[in-house]
Participant: 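First, the structure itself, so that you have it in front of you.
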Amino acid sequence: MAVNTEAANFIHAIINEDLKAGTYGGRVHTRFPPEPNGYLHIGHAKSICLNFGTAARYNGLCNLRFDDTNPSKEEVEFVESIKEDVRWLGFDWEDRLFYASDYFEQLYEFAVQLIKLGRAYVCDLSPEEIREYRGTLTQPGRNSPYRDRSIEENLDLFRRMREGEFEDGSRVLRAKIDMASPNLNMRDPVMYRIMRQTHHRTGDKWCIYPMYDFAHPLSDYLEGITHSICTLEFEDHRPLYNWYLETLGLQNRPKQIEFARLNLTYTVMSKRILRQLVEEGVVSGWDDPRMPTISGLRRRGVTPAAIRDFCERIGVAKSNSTVDIGLLEHCIREDLNKSAYRVMAVLRPLKVVIENYPEDLVEELDAENNPENPAMGTRKIPFSRVLYIEQDDFLEDPPKKYFRLSPGKEVRLKHAYIIKCERVIKDEKTGEIIELRCTYDPTTRSGGESGNRKVKGTLHWVSARHAVKAEVRLFDHLFLVPNPEEEKDEQGYRALLNPNSMEVLTSCLVEPGLAHATTDKRYQFLRQGYFALDPKDSGPGKLVFNRIVSLRDSWAKIRNSGS
RNA sequence: UGGGGCGUCGCCAAGCGGUAAGGCACGGGACUCUGACUCCCGCAUUCGUGGGUUCGAAUCCUACCGCCCCAGCCA
């Protein structure tokens with residue numbers, strides 16, 4: 001694969017400079033470093049695509065590394081789901097699956113070295129005292145009374161910390177930097193804390209665990225990472241990242257580069273709120289199709305290709321931004337337009353009887369599976385005297401520019417005939433329209449010689465005798481407002497929830513071939529949207545379709561602006 | 001009132017002293033047996049604001065203004 005050195009974003013520009021200067025001997029090595037304490041969401045997808053994508057772009061490598069330095073919040077369940085999600089997105093870490101916990105022994109040795117260098121010390125201050133000594137944003141901190149312990153004493157104390165002689169929280173190891181630094185991260189940051197917690201990988205081997213700021217640069221170093229890409233909030237930590245590497249005298253030091261994390265309109269990326277949505281039952285789980293999680297998007301039917309394309313298009317920069325969810329939807333449509341099987345499904349059925357069509361006749365009509373891609377072939381669909389069309393496709397008293405069916409009007413049934421509405425049958429009591437009596441023009445069969453008469457509207461339909469029942473779930477944005485996380489509502493996010501984010505339709509009728517639908521395929525229900533089988537709730541004899549995204553609907557715009 | 005960032009079209013985002021890319025959204029039109037797709041056309045005399053340097057500034061200098069992040073023994 002050829003190396004692409006055209007700058008696509010500021011990170012690539014930095015890498016190009018490094019390549020030109022020979023900084024890392026021409027190597028590019030990145031890593032995606034999730035903490036296994038939750039499920040991945042589309043914001044992580046941006047980081048995954050950036051890290052793996054950048055490596056690929058420069059013929060480099062990208063590691064998957066779990067940042068598991070805090071056993072009190074981390075679980076194996078999450079490491080498995082994260083691996084699955086990264087793989088599903090289409091990326092391969094090959095044999096480079098690592099854990100920060102793989103390096104606990106080496107990190108301990110680095111800490112010992114810093115003590116020997118006189119640049120780290122054991123501090124007996126309580127957490128509250130440490131906070132007080134740290135000072136504030138505008139006032140410098142004060143030195144800990146334990147700051148000047150001898151190297152020997154520090155070495156001894158740190159060893160005994162490891163050996164479990166002291167209580168949780170009673171002591172910490174701190175870097176000795178500068179309590180007056182305007183950067184609070186440099187005011188003698190904690191390197192190790194005592195915490196008796198069983199770790200998901202190291203079990204009870206350790207009772208001291210390193211902090212992120214200490215573990216991260218050294219993990220990067222140990223893996224030979226060249227460009228350590230992280231989000232903006234770590235910008236303040238970069239001096240500390242560099243301090244550890246420089247103070248330890250390490251060569252070929254990785255370079256931390258920060259970029260803005262992804263925000264999307266009408267949803268939230270906050271792990272805390274997402275967890276609340278799950279725990280409070282607002283959604284059915286982390287993989288609820290309305291969730292911005294990778295597992296939610298996957299269950300909904302979104303393809304990895306669409307997500308990758310989206311991550312490509314949003315760009316990478318340093319300004320906080322909130323991307324219009326319409327762009328994601330556009331990427332999904334663009335991908336599915338090429339690959340989805342066209343089928344007909346009636347979501348809200350309205351009975352239609354073709355009065356001049358023979359009672360027992362069934363015609364097998366030809367239908368193309370994807371007009372964008374003839375290679376996807378054709379299929380047969382049955383046509384008969386009694387059909388169902390969409391309730392929305394009939395209006396007794398239509399407005400101007402309404403191309404669909406109404407009394408006395410003609411419309412084409414897709415792949416079939418032109419029909420004309422002769423009579424409307426209503427429920428005597430409620431006045432509800434329950435059936436349409438129509439006639440068809442036998443000369444207008446699709447594909448036939450005289451079948452080219454033009455009518456303005458074309459409807460989708462199913463044959464009553466042949467149709468298969470299905471449940472269809474229509475999804476909408478989870479929130480009513482574009483920026484729910486900015487809203488300062490006393491009731492929290494709850495008041496901002498979209499009460500109609502899911503609509504379940506249980507009496508849908510789909511064309512018979514869909515009885516054999518599979519979860520690996522995407523379907524375009526003609527004139528409606530893209531759908532996929534719900535992998536969890538569908539089963540033998542039970543079809544449950546999720547709407548991935550609707551088709552664009554310019555009629556809806558006309559209708560809405562008119563009224 | 002300390003430090004670190006960021007401010008280019010409704011939303012993203014190129015641009016790095018030579019006279020504002022692109023995508024999404026939006027508006028108009030063509031095509032259409034999906035009001036889909038596709039295709040045309042339109043969409044910042046202006047780059048947070050004010051000064052300055054220059055033949056020439058979104059790009060350099062300067063002073064303001066606005067927004068984000070930091071006071072976890074979280075990451």
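None of the values given here were measured: they were computed from a predicted structure. So that the names make sense, note that chain A is the first sequence line, chain B the second, and so on, each numbered from 1.
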Participant: Output the single nucleotide from B:G4, B:A13, B:A71 whose closest atom is nearest the side chain of A:T136.
Facilitator: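 Minimum distance to the A:T136 side chain belongs to B:A71.
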Participant: When rounded to the nearest Å, what value does the distance between P atoms of B:G50 and B:A57 take?
Facilitator: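 The answer is 15 Å between these two P atoms.
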Participant: Rounded to the Å, how far apart are A:K338 NZ and B:C37 P?
Facilitator: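 In whole Å, B:C37 P lies 15 Å from A:K338 NZ.
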Participant: Can you work out whether A:D553 or A:F234 has the more 5'-proximal nearest nucleotide on RNA chain B?
Facilitator: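 Nearest-nucleotide comparison on RNA chain B picks A:D553.
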Participant: Hey, which of these two, A:V190 or A:D236, hits RNA chain B nearer its 5' end, going by closest nucleotide?
Facilitator: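 The residue whose closest nucleotide sits nearer the 5' end is A:D236.
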Participant: Please pick, from B:C24, B:C69, B:C74, the nucleotide with the shortest atom-to-atom distance to any side-chain atom of A:M211.
Facilitator: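 My answer, after comparing the listed nucleotides, is B:C74.
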Participant: Roughly, in whole Å, what's the span from CD in A:Q528 to C1' in B:C37?
Facilitator: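 Atom-to-atom, A:Q528 to B:C37, this comes out as 16 Å.
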Participant: Which nucleotide, B:G10, B:G2, B:U34, lies nearest any side-chain atom of A:L137?
Facilitator: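 Of all the options, the side chain of A:L137 is nearest to B:G2.
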Participant: For the residue pair A:R342 / A:H460, report whether a side-chain donor-acceptor contact shorter than 3.5 Å exists.
Facilitator: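 Checked: A:H460/A:R342 side chains show no N/O donor-acceptor pair below 3.5 Å.
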Participant: Give me the ring orientation class for A:F66 and A:Y99: parallel if the planes are under 30° apart, tilted from 30 to 60°, perpendicular past 60°.
Facilitator: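 Because their plane-to-plane angle is under 30°, the rings of A:F66 and A:Y99 count as parallel.
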Participant: Specify the separation, in whole Å, of atom CG of A:L336 and atom P of B:C37.
Facilitator: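 Roughly 13 Å, once rounded to whole Å.
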Participant: Does A:Y108 offer a backbone N or O that forms a donor-acceptor pair with the side chain of A:Y192 under 3.5 Å?
Facilitator: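 Yes; judged by distance alone, with no hydrogens or angles, the pair exists.
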Participant: Between A:R404 and A:E390 (salt bridge meaning N to carboxylate O under 4.0 Å), is one present in this structure?
Facilitator: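 Answer for the salt bridge query: no.
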Participant: Without decimals, in angstroms, what is the distance between A:W555 CH2 and B:A36 P?
Facilitator: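 Rounded to the whole Å, the gap is 12 Å.
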Participant: Between B:A20 and B:U46, how far apart are the two C1' atoms, rounded to whole Å?
Facilitator: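 To the nearest whole Å, 7 Å.
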Participant: Given B:C70, is OP1 or OP2 found less than 4.0 Å from the side-chain N or O atoms of A:R134?
Facilitator: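 So the side chain of A:R134 is outside the cut-off, no N or O lying under 4.0 Å from OP1 or OP2 of B:C70.
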Participant: If I pick the C1' atom on B:A13 and the same atom on B:U8, what distance separates them, to the nearest angstrom?
Facilitator: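 Looking at atom C1' only, B:U8 and B:A13 are 9 Å apart.
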Participant: Is any side-chain nitrogen or oxygen of A:K557 closer than 4.0 Å to OP1 or OP2 of B:C26?
Facilitator: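 For B:C26, OP1/OP2 do have a side-chain N/O of A:K557 under 4.0 Å.
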Participant: Regarding A:I130, tell me which of base, sugar-phosphate or nothing describes its non-hydrogen contacts under 4.0 Å with the strands shown.
Facilitator: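 Counting heavy atoms under 4.0 Å across all strands, the contact made by A:I130 includes a base.
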Participant: For the C1' atoms, the ones on B:C68 and on B:C31, what distance do you get once it is rounded to whole angstrom?
Facilitator: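 These two C1' atoms come out 47 Å apart once rounded.
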Participant: Using atom CG of A:L551 as one end and atom P of B:U32 as the other, report the distance to the nearest whole Å.
Facilitator: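 My rounded result for the distance is 19 Å.
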Participant: For nucleotides B:G52 and B:U45, find the distance between their P atoms and express it as a whole number of Å.
Facilitator: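 Approximately 23 Å lies between the P atom of B:G52 and that of B:U45.
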Participant: Determine whether the side chains of A:Y244 and A:D213 contain a donor N or O and an acceptor N or O closer than 3.5 Å.
Facilitator: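 No, because no side-chain N or O of A:Y244 sits under 3.5 Å from a partner of the opposite role on A:D213.
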Participant: A quick test of your reading: do over 12 heavy atoms of other residues, nucleotides or ligands sit less than 6.0 Å from CZ of A:R261?
Facilitator: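 Count not over threshold, so no.
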Participant: Is there, by distance only and without an angle test, a donor paired with an acceptor across the side chain of A:N183 and the base of B:G4 below 3.5 Å?
Facilitator: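 Looking at the base of B:G4, it does not pair with any donor or acceptor on the side chain of A:N183 (distance under 3.5 Å).
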Participant: Rounding to the closest angstrom, what is the interatomic distance between B:C41 and B:G48 at atom C1'?
Facilitator: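 Pairwise C1' distance, B:C41 against B:G48, rounds to 32 Å.
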Participant: Can you check B:G28 for me, syn or anti if syn means within 90° of 0?
Facilitator: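 In terms of base orientation relative to the sugar, B:G28 is anti.
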Participant: Measuring only the P atom in each nucleotide, how far is B:C61 from B:G72? A whole number of Å is fine.
Facilitator: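 After rounding to an integer number of Å, I get 36 Å for this pair.
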Participant: Work out how far the C1' atom of B:U49 is from that of B:G66, and round it to whole angstrom.
Facilitator: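 B:U49 and B:G66 have their C1' atoms separated by 10 Å.
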Participant: Would you kindly give the CZ-to-P distance between A:R552 and B:A36, to the nearest whole Å?
Facilitator: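 Between P of B:A36 and CZ of A:R552: 7 Å.
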Participant: Once you round it to whole Å, what is the distance between P of B:C11 and NE2 of A:H477?
Facilitator: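 It works out to 17 Å between those atoms.
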Participant: Are any of A:T69's side-chain N or O atoms less than 4.0 Å away from OP1 or OP2 of B:A75?
Facilitator: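 Checking A:T69 against B:A75: at least one side-chain N or O falls below 4.0 Å of OP1 or OP2.
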Participant: Whether A:R187 contacts B:G3 is assessed here as follows: a side-chain N or O lying under 4.0 Å from the phosphate OP1 or OP2. Is that the case?
Facilitator: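 Result: no.
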Participant: Under 3.5 Å for both donor-acceptor distances, Watson-Crick or wobble: does B:C39 have a partner, and if so which one?
Facilitator: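 Its partner is B:G29 (Watson-Crick or G-U wobble, both distances under 3.5 Å).
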Participant: Under the criteria of a ring-centre distance below 5.5 Å and an interplanar angle below 30°, is A:Y212 stacked with the base of B:A75?
Facilitator: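 Per 5.5 Å and 30° rule: no stacking.
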Participant: Whether A:S319 contacts B:C67 is assessed here as follows: a side-chain N or O lying under 4.0 Å from the phosphate OP1 or OP2. Is that the case?
Facilitator: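 The answer is no; no side-chain N or O of A:S319 sits under 4.0 Å from OP1 or OP2.
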Participant: What is the ring orientation for A:H477 with A:Y266, classed by angle as parallel under 30°, tilted 30 to 60°, or perpendicular over 60°?
Facilitator: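 The rings of A:H477 and A:Y266 lie parallel, inter-plane angle below 30°.
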Participant: Considering only side-chain heavy atoms of A:K401, which listed nucleotide, B:C24, B:G35, B:U1, is closest?
Facilitator: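 The listed nucleotide nearest to A:K401's side chain is B:G35.
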Participant: According to a strict under-4.0 Å criterion, is A:S554 in side-chain N/O contact with OP1 or OP2 of B:A36?
Facilitator: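 So the side-chain polar atoms of A:S554 do come within 4.0 Å of the phosphate oxygens OP1 or OP2 of B:A36, strictly under.
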Participant: Can you tell me if A:R527 touches the phosphate of B:G35, counting only side-chain N or O atoms and a distance under 4.0 Å to OP1 or OP2?
Facilitator: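 Yes.
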Participant: According to the Watson-Crick and G-U wobble definitions, with both distances under 3.5 Å, which nucleotide is paired to B:A63?
Facilitator: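 Base-paired to B:U49.
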Participant: Ignoring backbone atoms, establish whether A:H330 has a side-chain N or O less than 4.0 Å from OP1 or OP2 of B:C24.
Facilitator: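 True: A:H330 side-chain N/O within range (under 4.0 Å) of B:C24 OP1/OP2.
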Participant: Once you apply the 3.5 Å cut-off to both distances, tell me the Watson-Crick or G-U wobble partner of B:A75, or none.
Facilitator: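 Across any shown strand, B:A75 pairs with none.
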Participant: Would you please classify the geometry between the A:Y103 ring and the A:F98 ring as parallel, tilted or perpendicular, with 30° and 60° separating the classes?
Facilitator: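 If you compare the ring of A:F98 with that of A:Y103, the planes turn out tilted.
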Participant: For A:R65, is there an ion pair with A:D220 - N to carboxylate O distance below 4.0 angstrom?
Facilitator: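 Judged by the 4.0 Å cut-off on N to carboxylate O distance, A:D220 and A:R65 do form a salt bridge.
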Participant: Which of these nucleotides, B:G5, B:C68, B:G2, is closest to any side-chain atom of A:N320?
Facilitator: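 Out of B:G5, B:C68, B:G2, the nucleotide with an atom closest to A:N320's side chain is B:C68.
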Participant: In this structure, how many angstroms lie between the P atom of B:A36 and the NZ atom of A:K414, rounded?
Facilitator: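 To the nearest whole Å, that distance equals 13 Å.
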Participant: Applying a 3.5 Å limit to both distances, which nucleotide forms a Watson-Crick or G-U wobble pair with B:G2?
Facilitator: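 B:G2 is paired with B:C70.
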Participant: Under 4.0 Å: is that the gap between some side-chain N or O of A:R238 and OP1 or OP2 of B:C70?
Facilitator: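 For B:C70, OP1/OP2 do not have a side-chain N/O of A:R238 under 4.0 Å.
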Participant: For the side chain of A:K456, counting heavy atoms from C-beta on, which of B:U32, B:C12, B:C24 is nearest?
Facilitator: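 When the side chain of A:K456 is considered, B:U32 is the closest of B:U32, B:C12, B:C24.
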